[in-house]
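It should be emphasised that the depicted structure is a prediction, and the values quoted were computed from it without experimental measurement. Position 1 is the first residue of the sequence; numbering continues from there. Every heavy atom of this structure was used, including side-chain atoms; hydrogens, water molecules and symmetry mates were not. Numbering of ligands and ligand atoms starts at 1, following listing order.
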Amino acid sequence: MAEYNRVSECVGLITLRNPPVNALSAAVRQGIVDTVQRALSDPNVKSVVICGQNGIFCGGADIKEFGSNMTGPPLIPMIHAIESANKPVVAAIEGSALGGGLELALGCHYRIAHSKARLGLPEVSLGLLPAAGGSQRLPRLIGVPAALNLITTGRHVTAAEALQLGIVDQVTDHNTVDAAVKFALSVAGRSLDPRRISTHPCPQQPDLDALFEEVMQKVRQSARGAIAPIACVQAVRAAATLPYAQGMERERELMATLFTSGQARALQYCFFAERAVGRWRMPSGARWDTSKPRPVHKAAVIGLGTMGRGITVALAQTGLSVIAVETQEKQLMEAKQAISGMLERGAKRRGVAPALDGVIYSQNIQAVADVDLVIEAVFEDIALKTKVFQQLSAVCKPGTLLCTNTSALDVDQLASETPNPELVVGMHFFAPAHVMKLLEVVYGPRSSPQAVATAMQLGKKMGKASVAVGNCRGFVGNRMLKPYIEEAFFLLEEGATPELVDQALEEFGFPMGVFRMSDLSGLDVGWRVRKGDGLVEPGTASGRSARIRQGRRYSPLGDLLCEEGRFGQKTGRGWYQYDKPGSRVARSDPWLHSFLGAYRAQHGLVARRIDHQEVLERCLYALINEGFHILDDGIAAGPEDIDVIYVSGYGWPRHRGGPMFYANMVGLAKVLERLEHYQQLHPEVPHLQPSSLLRRLVASGSPPIHKWGEAIKKLHSQL
Ligand SMILES: CC(C)(COP(=O)(O)OP(=O)(O)OC[C@H]1O[C@@H](n2cnc3c(N)ncnc32)[C@H](O)[C@@H]1OP(=O)(O)O)[C@@H](O)C(=O)NCCC(=O)NCCSC(=O)C[C@@H](O)CCCCCCCCCCCCC(=O)O
Ligand SMILES: NC(=O)c1ccc[n+]([C@@H]2O[C@H](COP(=O)([O-])OP(=O)(O)OC[C@H]3O[C@@H](n4cnc5c(N)ncnc54)[C@H](O)[C@@H]3O)[C@@H](O)[C@H]2O)c1
């Protein structure tokens, strides 16, 4: 709703009231229509101010309404009525003015913003475009290049940048509503014609065609198959080349296509999923809203290799004091230099002072005695980690939370080696830890809810998409990756090339296919894990039996490449070749193709034609199938947790919503049918055997994804 008051005798003050972000729900839109009409028809009112309650102007259209039948007055005529008003209307912007919120403000004649406010048109990240006139008014106000940048990226700008761009007329450090009321009084009676943005032409832009061509090319490249950024460019082009009314018609047409698209559904699902994972729950019944996190002021990182350095930076950047411990002197010196560099570069980017003094370096584990939380990032070796945890338990003050960044070791086992297993959780960061958005917070049966709450809160402070998951081999992300990678290896054996597999996955929307990714992260990483699992048998045994290990199909292709010293980018050779070790540009490698030919011949395999569809089905459905196992096992509390992990940590294209959302879109029955098909062809591959949860969901009528939680509970209670 919107509340109306008369202030300073002749200013009509309209306050949007719809917590938490004053989204433009049907009731708010009706409230605005009614209160604007009331202000305009009151002869005592000379000007109008629109603001939002609780320090936020407006978070835009109510996204929750999009999936339903939309009722209430539409936004476009509502904003048009404001712009056409014969009394000045001033937007008082505190907090955020985003999407429809900024479009509402652009319909006002003036905009006053608080210095801490943020403004933007983020519709593109929801698979939409600013379709309440934003795509037409913003270019008219700030010019085509700046509008293209804001609308195609959806980025939020600070009040200072908004002032510089000309989006707002004034920025205040004081009470924004008071400033806006004062301003409204000062402009009462002035001509409003120059203030109606829709009546302006777009500022002249030389070589418009070349500009749009260049932007379109860039946008297509970075969109990786997403359609909204392209529609955004088309809408701005309409603003630049057509009269306003025709531009609005084009905006409507483009929005009509986007609004009902699967991509918009996927992106809006991601928006809510990212918020839903913060409301974590454990199988014990412990939950986010009943578990109080401990305060963390001082933290420690043990082991300053690749991960420890990034974790130290991430912690220091949130303002924590960090004790960084490394046993090797040379490593410690190198780490100090690397961490300082990262902090300096990060601070420069954010325009703040680097938190160099926030980090204290030490070779002595005793230095961590008074920290509130420790993150261990030493070598992946259970004996070493156990020793470190025992030392920490002896050194740290009572109640210090002990976290491990292990990628694959058993968090429960580590916990059981400490006197206080309830204080132990996994904090699984991804490399580089100060950049990657994802954090898996891994709890074991003995982790206390408070420990989980503390790690989740710390993750949020670091700006991570933090997801609480149960303990199992590979947790959620890496466990699902295993069948995906294995299928890719099998496809090579059957006739595919790394180029074909990668192309199919990249066209699907991954930034890198599985083989280019493997070259980047290093083939030796998986090799070490497979060796540890007793799967690697050096040598050149041939035939089918050489490819069955531990009772299931196994491809030694990755091991054979490692035996050749081909570890990927770092050695300049892997699934592709590189100009030199460390180079990033992958080129097709004739050696690899002859190697594959010789391998198939040696194993009696006949290469067949494999198409993109098969690559996608085998790799992605195997991964999705593991996701269903994970849900069935209770390792992830819901499909949103899996999807957030994949979108924020594994490059799953956001416009496809994550693997479980994708399965829901494809249709569970279809996923099941294809898995059954491939399982018949490859009976020796257990990960192609459809999960019983998938079967049960299909048997219960394939409920939509937001009902899976309920369905899983019901199915479990029937077991
Ligand atoms: C605002 C934020 C920056 C606040 O962040 P903060 O961290 O403080 O809080 P949270 O993010 O945790 O949010 C708290 C809570 O609020 C929920 N929420 C936030 N924003 C919205 C929203 N806009 N709508 C609904 N709910 C919202 C959030 O989910 C949290 O609740 P939860 O229970 O999930 O924990 C931050 O929240 C933020 O960034 N919000 C999103 C901002 C945004 O993206 N805005 C744009 C929205 S889309 C839009 O505005 C579109 C406009 O251009 C209007 C277009 C008109 C459309 C009309 C339909 C036309 C149909 C076309 C068909 C044509 C047919 C034909 O003609 O033929
Ligand atoms: N590298 C990745 O991509 C990645 C991703 C996620 C998780 N992890 C996990 O993070 C952990 C660290 O991995 P990394 O890649 O950073 O390893 P790394 O080899 O780069 O660094 C480990 C560091 O720990 C130091 N160290 C060893 N024993 C120590 C001790 N007792 N006290 C203090 N320091 C000690 C070593 O000197 C070394 O500098 C592992 O458990 C790994 O599985 C790695």
Out of Lys460, Arg279, Arg275, who gets a non-hydrogen atom closest to atom 33 (O) of ligand 1?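 Nearest heavy atom to atom 33 (O) of ligand 1 lies in Arg279.
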Val378 backbone acceptor or donor facing Glu376 side chain under 3.5 Å: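 Yes, Glu376 side chain to Val378 backbone: donor-acceptor pair under 3.5 Å.
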Donor-acceptor contact below 3.5 Å, side chain Gln569 vs main chain Ser521: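 Pair absent, no side-chain N/O of Gln569 close to backbone of Ser521.
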Relative to Tyr269, does Arg265 satisfy both conditions: NZ or CZ under 6.0 angstrom from the six-membered ring centre, and within 45 degrees of the ring's axis?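 The answer is no; the distance or angle limit is not met.
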Tell me which part of Val21 gets within contact of ligand 1: side chain, backbone, both or neither, using heavy atoms under 4.0 Å.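 It is the side chain that gets close, since no backbone atom is under 4.0 Å.
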Ignoring hydrogens, tell whether any protein atom lies closer than 4.0 Å to [atom]; use the non-hydrogen atoms only.
atom: atom 43 (C) of ligand 1; value: yes
atom: atom 8 (O) of ligand 1; value: no
atom: atom 50 (O) of ligand 1; value: yes

Can you list the atoms of ligand 2 that are under 4.0 Å from a heavy atom of Gln331?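 Taking each heavy atom of Gln331 in turn, ligand 2 has 38 (C), 39 (O) under 4.0 Å.
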Find all atoms of ligand 2 within a distance of less than 4.0 Å from any non-hydrogen atom belonging to Thr306, and give their numbers and elements.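 Checking each atom against Thr306, I get 15 (O), 16 (O), 20 (O).
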So, regarding Met70 and ligand 1 (criterion: nitrogen or oxygen to nitrogen or oxygen, under 3.5 Å), is there a contact or not?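 No: no nitrogen or oxygen of Met70 is under 3.5 Å from one in ligand 1.
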Looking only at distances, can you tell me whether any N or O atom of Ile56, backbone or side chain, sits closer than 3.5 Å to an N or O atom of ligand 1?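 In this structure, Ile56 places no N or O atom under 3.5 Å from an N or O of ligand 1.
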Is there a heavy atom of Pro20 sitting under 4.0 angstrom from any atom of ligand 1?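 True for this residue.
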Minimum-distance protein heavy atom relative to atom 32 (N) of ligand 2: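 Its nearest protein heavy-atom neighbour is Thr327 CG2, 3.5 Å.
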From the options Lys385, Glu380, His428, select the one residue that forms a side-chain hydrogen bond (donor to acceptor under 3.5 Å, both in side chains) with Thr406.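 It is Glu380, the one option of Lys385, Glu380, His428 that forms the side-chain hydrogen bond (donor to acceptor under 3.5 Å, both in side chains) with Thr406.
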Could you tell me whether His156 atom NE2 has more than 12 heavy atoms of other residues or ligands within 6.0 Å of it?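 Yes, enclosed.
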Tell me which one of Asp412, Asp410, Asp533 satisfies salt bridge (charged side-chain N to carboxylate O under 4.0 Å, His left out) with Arg473.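 Going through the options one by one, the only one that passes is Asp533.
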